[in-house]
Each structure stands twice: as structure tokens, then as C-alpha cells.
**Q** 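Can you keep this structure in mind? I'll have questions shortly.
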Amino acid sequence: MNKVNKKHSRLSIVLEFFGSMNLAITILVAIAFASVIGTVLQQNQPYNDYIIKFGPFWHEVFQSIGLYNIYGALWFLGLLVFLVLSTSVCIYRNAPVMLRDMKQFRLNVKEKSLRLMSNSQSWTTDKNSEEVEKNLQYFLKLKGFRVRIKEHENHKVIAGMKGAWNRSGYIFTHVGIVVLCIGSFLDGGFGLTIKEWTGRIIPETRDIRADQVPATARLKPDESLSFRGSISLPEGSSSNLVFLNIRDGYLVQELPFAIELKDFRIEHYASGMPKSFESDLIIHDDQLEEPLVQTISVNHPLIYRGYALYQASFGDGGSNLSLLAWPFNSKKIQTLEVKVAVNGKRSLDTLAGKYTLEVDDFKMFNIFPNSKEEKAETGKRFKNFGPSFTFKMRDASGAAKEYHNYMLPVTQNERRFYLTGMRGSVAESFRYLHIPVDKNDGLDRFMTFHALLNDAVKVRRIAEASVKSAMREVSKVDKKLQKDVVTSMMNLLTLFNQGGYAAIDEDILKKVPKDRQVNVAQAYVKILHNLLQNTYLVLLKKEGIATKEGVSAEDSFFFEDAITALAGIGAYGSPVYFQLAEFKHRESSGIQITRHPGQNIFYLGCLMLIVGIFMMFYISYQRVWLIVKPEGEKLVITFAGSGNRNQRDFAEEFKKLASKVEEFTS
Amino acid sequence: MSVTNEFMNNEIQPSFFKQLNVFDWVFAALLVVGSIYAFQKYSHLMDSYEVGILFGTAISFIAIGWIWKPARALMFYVALISLFAINLYGTDLAAAENNFFLKFLFSAQSATMWMSALFVMATVAYFIELFSANEFTGKVATAMTWAATAMGFIGLLVRWRETYLHGIDIGHIPVSNLYEVFILFAIITALIYLYYEKLYETRSLGAFVLLVITAAVAFLLWYHFEKDASEIKPLVPALQSYWMKIHVPANFVGYGAFALAAMIGVAYIIKDAALKRNPQGLVALRLPSLDMMDDVMHKSIALGFAFFTIATVLGAMWAAEAWGGYWSWDPKETWALIVWLNYAAWLHMRLMKGLRGTPLAWWAVIGLFVTLFAFLGVNMFLAGLHSYGEL
Ligand code: HEM
């Protein structure tokens, strides 16, 4: 007997602990606190970012306590489990009380306890007992109470109750919480966490083709209860493999059906902002008589066999580009046609040796917000620079620079340019070379000018001619001086061709004493510009443009822009300029695929929670008791009531009730 | 016996519907006719959910109008003036510049400016009333709050139309960015306040509640003038969903009620301190009883909690449709949970532990900061999926 009792009490201590309000509040606060950390510390970033931010020591600490993936950490799961346990125990202990409250009228109340209640009143009457009881019942029913009567030895108890549903609100709310937690546990992907813990799966971290991923990182179609992954499908391709990102690795989940992307579309508003993303999908499944055709878009997923397919992102799926390579630093313009696909590579023989061209991306639109002035002028909030592509040029040593070229010329300050950006590493932003266009929006004039400047023989002739004519004006002909000037002109030009103004500056710093550097630099620039101008005049003459009367504003702008661009070619670092001549766009659609079998359980829990909350807040649970006791000739009536919600409101209501009752009973 | 019968018959409460008068039925009929008209005219632009939302809204508005009579008048005037303004617009946005009524009164921008001005004036009036106990000033304050609320609604409704005048594909309900929801916040908070003002027949809390509305208005004006935020922009694809129509307003009933509770918390703390220092002082005398403030605070948090729960669940359902999962621990989502847990703990402490008084008042005030972070801070400081307005 004793043993049983002991056991029983131990159990009740455990229940007491789990069901205690303090524990519940502690857990609520702990979850809230952990959630705060999870939002302030960005989750699931590459480990390197964290190491940079926190240093190796704290990184190690944070990683080991799961701060980088709090919502997947075991201790967080533990908190949620505790919450469910605590709430369940609470229900277990309180629900019977609530149910009893709904059913029992407590017909055995003692007069003394009624008098002790805060809402209580008592009076005597000389009316006849039967009439009083009948009227009391009738009255309470009118006021919406359910009424029960019990006859005791020397008195009668009339008990009324209303709003009993309020009590079940507690049950709905708390069972709802347990249910929704269970639903979300089903969908939390904890199966995977456990498999990973027991070593049955090992996320793959290498960047390899899906069919090479080892079995330890593969999941069979129905192996995981719930997951959330993504797949990037180029137009015209199909796949049944989904990639699940796990920290710095991934798993490959097989689907029981294949998804084909027929077409991907982006629509734009007139302002240029994207309006919709849509993918036309075809589902191939042995279970289907014929393939299922369906379009998905943002906010309109396809749910198929418990899998949900969402439009999530988009990218290039291997567009075919046809490029025209213009050589830099060559006296001959010999363009080369290069065909390459996005994500593809090609090796190229250039004047500067062997290079590999790697095309990384192609974008059909480049939309930028307009400045205030531009907005006023064009009436548009955005401008579109048209198609562009990014690529790397890797030299024989393996070093690479990254480039970003636009297909179409862009207007800036009323002049038009081909823009090509270069950067040495991903951390930098692109610096753009602005290559001015000729009348036909082409590169010919610039390239001809550039080639001419690289043709030493021709430029020397121009230099000589200009020096001659200049000196004829000034003094007697000095052959030696002439020759020296021409040589230094040519040297300057070579430096300029190789490295722009920076190369000339460097040369001056090396060779000229400090106190004369500024003067020399100014002189050099004058000399160089003289040569460049004269070369440009030759070019204009060749084009059949008369220059006697001076150069048109347009042509002189071109000259200025061309010089700026030419000065940048050295630093640009690529032996060629790639002009995008033609493309065949092939997009890819990023589709998110999820499986959440607990979703409807979760929703059921939510519904119960909401229903329960409204019951608790907006149904007022009230009960009243009347004891009618004959005392001599008279009747003593004791009236008391209790409401579980707003005490203030109930006190008022009770006062009104009591005065009415008193009125018709006395 | 016969006396009692008569007595009892007097006690028979007519059913709720029998208590409705002609105005109530006319009001309901107008709403029904209006929504059927809207359905006939625009059903080709709506999906079935939106049709459901249209009629659901009509029914809820009827219910609100029946339960809280002053709301009928508000709805009536707001509808009348909005229709008038929309009619003035016709199909030409430029009318906002040319037409007198639109330019100075009822274009979305002007109406919003009027709302702002009226709220600020009402705040001042409530403060004067608080210290002077002047009945007339109090009435003026209440009237201005009603007018400001009406102007806010008119501003939003006219703006709704304006979005469509910008382009049929641009049109959307104006609860899509921070500028628009700040208007919503101001008017919902004011409405909830007006309800309690009438219920408890005291105006001395108005100064406190209007203070938080004025803060919102200040932000709105800064946002408008500094950031050009009132400009109408098309919706990004993620926001193009009927869910927005219910998720956002439900959220703002929650935010409004929590803000109200917090401001009453402030009043409570002040009164409590004043009572301790000098029970016969002006502040101690003018503020309502602690008991009553405690009550309103609780009711307001209960209301906010109920709606916030609905809003969060709706948000989860929307997320399940837009992002591929009903719960992704996105910062906005997570902060909604934090707010929710906070008030769940508040309610438990009050109802189960019987906690009362200043601790709860302080907690309600702190709750406002938590709410504020969920509402604004997340957008400003944390990266996430919510494409909802950035500063
Ligand atoms: C997930 C955690 C929980 C949440 C979100 C939650 C939520 C709520 C809500 C919203 C209420 C309504 C407030 C009211 O009007 O009373 C409530 C009431 C209540 N909760 Fe919880 N609850 C949780 C856990 C618990 C636990 C673990 C217990 C057990 C100790 C508990 C015991 C109660 C009780 C006894 C009531 C009052 C019922 C009544 O008499 O009306 N709750 N809860």
C-alpha cells in the first residue's frame, strides 16, 4: 500500500513540475529569447563569414552550441518538446476541472460560503416559497442561465450557469497548441537530423554532378517525411532530383516523378519593375495517364502528390552567345567570332597568349532606378540598359579577371558608350570602361583609332609631319632636335598604349628629379595629346571629314571620350573586347519543392487555438446560486454569483441582477 | 402573481435582431447592395477568395455597425465622400491637381494630410481637456478624432482607386507598404480608443492614446516628405495575393490594440505614482481609477491577442503559398511569434497568477517596444523574406 502511495506521489510531483505555470512561462520566455538570437544572428550563412565575424575561437563555441542553425538545434527542439509536454500535462490536470465546471452546478453549496463570496447579497421576504422559487427559475432562464434545483433538508438551492463554453475555450486553446506543435514537428525535418546524427547520411560538400553524388548523400523518393529543397531547371530540361541545403553541404532528394520546364517568363510593369515570374511545367509520372501540364507563379504553387512546387527564383539556363572579339593593342583590326554558352568555357589564342573565356551569366534586362533629374526628363522611374553578360578571362597562369559587358550602347550626358566593367575579385565592384560609339552606334571608329595608334610606322609618320610643321613656324629646321622630339613622342605613346597615364606617371617618377616632375608631366601630356590629336585628324581625313574649319563638337567629344577609354585599356587587362553580337536566350527557373505532411495538422491546431481564444475572451462564464431557506414565517434568500472573466463587469451585472431579484421576491 | 408576470414580461429581453431599428436595417441593406454592385462591376478582376473577402467584409461591417452604432455613421460618411472623390477623378489622375475638392480635401494625399493635422489637434485638445476638465474641449477632441479617422479611411479608399488610375495592372489595396500601413495603424488605434472612450465614458485617456498616434503621424510625415514614400508603386510579385487583404488588416488590429494597452499602461503608472505622492493632486484626480485602467488594458490586450493570433496564422497560410512553408523562421515571422509569446505570458500572469497593477502596466509598455520592433525594427535592421517596405 505504502509503495503505491509513494509512486503515486512521485508521479504527481513530476506532473506538478511539468504542469506548473512557472515552467510554462519560463519556456515561453526561453523560446522567445532563443528566437531573438536566431533573428539577430543571421542563420545558415557560410562558415567562413562567421569565422571572419567572430574569430576562430568564438566561431567554434557558437557552432558547437548550434547558434548558426538555432531552429534546427537539438536544444531548441528540446525546448519545444518541453513546451508540448508542459502544455499536455497542464491539459491533463486542468481539463477535467473545466469539464466539471461546465456540467456541475454545485448544488451542495453552503449558505456560509455564498455569503463569503465577493458578489453576494441576502434578504428576507414573506412571500410564499413556491411562488418565489418558480419566479426565480423563470427569471434566471430569461437571463440566459441554465438552472438546476436541489432540495435539501431545510433549504433549497437554485443554481444557474451560463457561458459554459468559455471553459472549453481553455481546452481548445491548449490542445490546439499541442496539435500545432505536433504538426510542425512532423514537418521540421528532424528525421534528417537524426539520420545525420547516426551517420546514415553525410551531406556532400563538393561541387559535383548530381549523378556522381554518393549514396550517403542521396535520399530515396519516400525516405524523408518532410523536406524543403530546390532545383534549377533550364528551359527544355527535366529532372527528378532536388537539392537540400544542409549547412555548407547538400543532399540529393529523389522525387517519384520528373519535372520538365517548358518555358519561363518574366513580365514587367511599364516602369520596368518585374510584375510576374511564371514557369510552364510538365509533370511526368508513371501514375499519370498523360503528363500533367501546369503553370506556376509566385503565390500560385502546384501541389502534386503531397509535394508542393513553388516559383522561387530564376537564372540563366545556358544561353547561347555569339561574341565578336576585338583585339586590343593590335595594329590590325581582325575580329574573331566566338560562340559560347553561359556556364561554358572556351580557350582563345590572343596576341597576349592563351586565355580561357568562362561565361558566368547572361541577363536580358538591366533595370536601374532613374535619378531625380532623369525621372523629370523621361517621366520614368527606371531605365533599362538591355542585355548584358558576365565572364572571366583566365590567363595561362590561372589568374583571372571578371568582366561585365553590355550588349547595347548606353546614353550618358547625351553621349553614347559601350560599357564594359572589370574587377579583380568578387569583393570589388566593377569599374567601367566607356567606349564611345561612332555614328552607326558601332565600334569601328574607336577600334580604327586604337589600331592606328598601335601602328608604330604610321604614327611615326604623323609625328614627324606634325613636328616638322610646328618647328617650321618657330625656328630654323633642326634635324636632330626634330628626331629627338619624334622619338620621345613615340615613347610616350608606347607608354600610353601599354598603361595609360599611369604608365607615363610611373616613368616620370622613375627618371625625373623630384623638383621637375610636375613641369615635365604637364609637358608630356601636351606632347602626347598633340600626337593623339594629329592622329585623330588623320583618321577624320580618312573618313572624308573636312577639318580645316575646325572639328565638330560631336567629333571632339568623341576624341575626348576615346582618349579616356584608351587610357584605361592597359588596366582593363583583357587582350580583347567582347562585343555581344547575338544571343539565344535560355532561362532557367528556380523551383522550390517541399513536402509538409503535417501542414493540415498544423492548421487544425491553429483553428482550435483561434476558436479557443475567442471562447475564452468573448464568452463570459457566469454562475449564480440562490439559497431559499424558511425561517419562521419568512424566507431568507441568499444570492451570490461568480464570473471568471472581467471581475469589474461582472460585479456590475451582479448588482443589477440582485436588485431585480430582490425587487420581485420581497 | 399578476404583478410579477408583468414584471417578468418587462424583463424579457427582445432578441438581438428585434432591437435593431430602421437605421440598422437601412445601413445593412446599403452594405449588401453596395457589395453586390461591387461584385457585379468588378467580379472579372477578382478570384473566388477575393469574392469571399468582399462579402465577408460586408458582413463584418454590418456586424460592427450593429454592435457599435457610431461606426454606422463613420462608414456612411466615409463611403459617401470616397465615392464623391472617386467620381471627381473619373479616369483622370490629373484631376488631383485641377479639381478644387480633390486638390485641397479628398485626394489620397490631401485626405491623409487632413488626417494628420486633425490627429495632432485632437491630441492637443485631449491634453487641454485632461488638465482643465472642460467638457466642451473634450467633445471637440472626440469630434476631431472621429474626423481624423474618417479622413484616414477616405485617404486609403481614394488611394485604392488612384492605384488603379495609375494602371489597371498596378492597382492594389493600399496596405502594401510602410506608408500605407502607418495610416492604417493610426486609424485603427483611434477607432479602438473611441470604442472604449464611449464604453467607459471617460476622455482622460485620450491624451495618452493620441500621443502614440501623433508619433505615428510624425513618422508618416517624415516618411512622406523625406523619402517620397507616398508615391504609388506597383506590387512585387510576392505581394500579389488576396492574403494581403486579410493578413495585414488583422495584424494592425493587433498592433493598434497593443499600442492602446501600452499607452493606458503609461497612464496607469503615472496615476499610481501620483496617488502615492499626492492623492489629491490634479493628475491623481483627473486620471480614471486604477481599477478601470487595469480593466481596459486587459480587454485591449485580449482583443489584440485574438486578432494577432489570427493574423499570424493567416501569415503562416500565406507563407505556405508564397515561400514554400508555413513556418520558415523568417525574422518577421519569428518576431511575430515573440510578440505573441510575450502577450501569452502576460495573459497567463494576469489570469492565472492573479498579477495586477504596475508590473503588468510596465509589461504592457515593454510589450509595445517588442511590438514596435516586430513592426518596424525587423524591416530596418534584419534581412528576410518580407519584401514589405524598407526604409
Ligand atoms: C504554448 C504555451 C501556451 C500558450 C501559448 C498558452 C496560451 C494561453 C492563452 C492564450 C490563454 C488565454 C488567456 C486567458 O484568457 O486565460 C491561456 C489560458 C490558460 N493557460 Fe495557457 N498557454 C500555454 C501553456 C500553458 C500551460 C503549460 C499551462 C499549464 C500550467 C497553461 C495554463 C493555462 C490556464 C490554466 C489558462 C486559463 C484558463 C481559464 O481558466 O480560462 N497554459 N493560455
Side-chain angles (χ1 to χ4, degrees), chain A residues 21 24-25 28-29 31-33 35-36 38-40 42-43 70-71 131 135 138-139 142-144 184 187 228 230 269-271 273-277 297-301 308 310-312 381 592-594 596 599 602-603 606-607 609-610 613-614 616-618 644 646-649 660 663-664, chain B residues 1 3-4 7-8 11-13 167 169-170 231 233-241 243 291-292 294-295 298-299 302-303 305-306 309-310 312-313 316-318 320-332 334-335 337-338 341-342 344-345 348-349 351-353 378 381-384:
Chain A
M21 185 58 78
I25 297 209
L28 293 189
V29 172
I31 292 175
F33 193 71
S35 306
V36 172
T39 58
V40 175
Q42 264 205 15
Q43 301 283 293
I70 285 189
Y71 311 119
E131 186 190 332
N135 286 339
Y138 184 62
F139 177 74
L142 269 187
K143 293 289 168 191
S184 55
D187 294 344
R228 185 168 187 167
S230 60
Y269 292 109
S271 67
M273 260 177 67
K275 177 162 135 190
S276 73
F277 306 103
S297 62
V298 181
N299 277 316
H300 299 279
Y310 298 88
Q311 179 66 58
R381 290 162 30 89
Q592 185 173 183
I593 300 179
T594 64
H596 286 145
Q599 181 158 323
F602 175 84
Y603 288 160
C606 290
L607 183 69
L609 176 64
I610 292 172
I613 286 175
F614 273 87
M616 282 209 283
F617 291 157
Y618 296 107
N644 77 325
N646 304 297
Q647 301 303 340
R648 214 170 159 271
D649 293 352
K660 283 272 148 63
E663 205 177 312
F664 75 79
Chain B
M1 197 79 183
V3 181
T4 353
F7 178 85
M8 289 293 178
E11 282 304 305
I12 297 177
Q13 285 198 346
D169 60 346
I170 292 177
E231 206 178 332
K233 294 172 192 164
L235 289 185
V236 296
L239 290 183
Q240 298 166 11
S241 168
W243 287 107
D291 201 29
M292 183 214 124
D294 183 78
D295 199 44
H298 166 232
K299 278 188 180 148
L303 175 76
F305 189 75
T309 309
I310 294 179
T312 310
V313 171
M317 296 172 90
W318 187 0
E321 210 167 282
W323 301 335
Y326 51 84
W327 201 263
S328 326
W329 297 103
D330 159 78
K332 192 93 181 175
T334 310
W335 273 92
L337 177 69
I338 293 165
L341 292 174
N342 177 50
H348 276 91
M349 287 309 273
L351 293 158
M352 295 298 90
K353 288 272 169 184
V378 173
F381 304 118
L382 306 176

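So you know, we letter chains A, B, ... as the sequences are listed, proteins then strands, and number each from 1.
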**Q** In terms of heavy-atom pairs under 4.5 Å, which option from B/Ala322, B/Pro234, B/Gly324 contacts chain A the most?
**A**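 Highest number of pairs under 4.5 Å: B/Gly324.
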**Q** Nearest heavy-atom pair of B/Tyr326 and A/Asp187: which atoms, and what distance?
**A**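 That would be OH-OD2, 2.5 Å.
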**Q** Side chain, backbone, both or neither: which part of A/Val36 has an atom under 4.5 Å from a heavy atom of chain B?
**A**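 Interface part for A/Val36: both.
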**Q** Working to the nearest 0.5 angstrom, can you tell me the gap between B/Leu235 CG and A/Lys275 NZ?
**A**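 So the CG of B/Leu235 and the NZ of A/Lys275 are separated by 11.5 Å.
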**Q** What's the shortest heavy-atom distance between B/Ala345 and A/Ile25, and which atoms?
**A** O-CD1, 4.0 Å
**Q** Which atoms form the tightest heavy-atom contact between B/Pro237 and A/Pro274, and what is the distance?
**A** CD-O, 3.7 Å
**Q** Would you mind reporting whether B/Leu303 and A/Tyr618 have side-chain heavy atoms less than 4.5 Å apart?
**A**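 A side-chain contact under 4.5 Å exists here.
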**Q** Shortest non-hydrogen contact from A/Ser35 to B/Thr334?
**A** CB-CG2, 3.3 Å
**Q** How about B/Trp243 and A/Asn299: does a side-chain donor come under 3.5 Å of a side-chain acceptor?
**A** no
**Q** Quick check: closest heavy atoms across B/Asp169 and A/Tyr269, and the distance to 0.1 Å?
**A** O-CE2, 3.3 Å
**Q** As an exercise, state the distance from CD1 of A/Ile610 to OG1 of B/Thr312, rounded to the nearest 0.5 Å.
**A**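 One gets 9.0 Å once the value is rounded to the nearest 0.5 Å.
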**Q** In the structure I gave you, are the side-chain heavy atoms of B/Trp323 and A/Arg228 within less than 4.5 Å of one another anywhere?
**A**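 A side-chain contact exists here, since the closest heavy-atom pair is under 4.5 Å.
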**Q** First locate atom NZ of B/Lys299, then atom CZ of A/Phe617, and finally report the distance between them rounded to the nearest 0.5 Å.
**A** 13.0 Å
**Q** Rounded to the nearest 0.5 Å, what separates atom CG in A/Leu28 from atom NE2 in B/His348?
**A**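 With rounding to 0.5 Å, CG (A/Leu28) is 7.0 Å from NE2 (B/His348).
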**Q** Is there a donor-acceptor contact under 3.5 Å linking the side chains of B/Trp327 and A/Ser184?
**A** no
**Q** Out of A/Tyr603, A/Tyr71, A/Phe277, return the one with the most heavy atom pairs under 4.5 angstrom to chain B.
**A** A/Tyr71
**Q** When heavy-atom pairs shorter than 4.5 Å are enumerated against chain B, which of A/Gln592, A/His596, A/Gln599 gives the highest number?
**A**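 Max contact count across the listed options: A/Gln599.
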**Q** Got a second to check how far B/Leu341's CG is from A/Phe33's CZ, nearest 0.5 Å?
**A**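 If we round to the nearest 0.5 Å, B/Leu341:CG and A/Phe33:CZ are 14.0 Å apart.
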**Q** Answer with side chain, backbone, both or neither: which region of B/Gln240 has an atom nearer than 4.5 Å to a non-hydrogen atom of chain A?
**A**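 It is both, since atoms from each part get that close.
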**Q** Using non-hydrogen atoms and a 4.5 Å limit, figure out which bit of B/Asp295 sits close to chain A: side chain, backbone, both or neither.
**A** side chain
**Q** To the nearest 0.5 Å, tell me how far A/Thr39 OG1 sits from B/Trp335 CH2.
**A** 5.5 Å
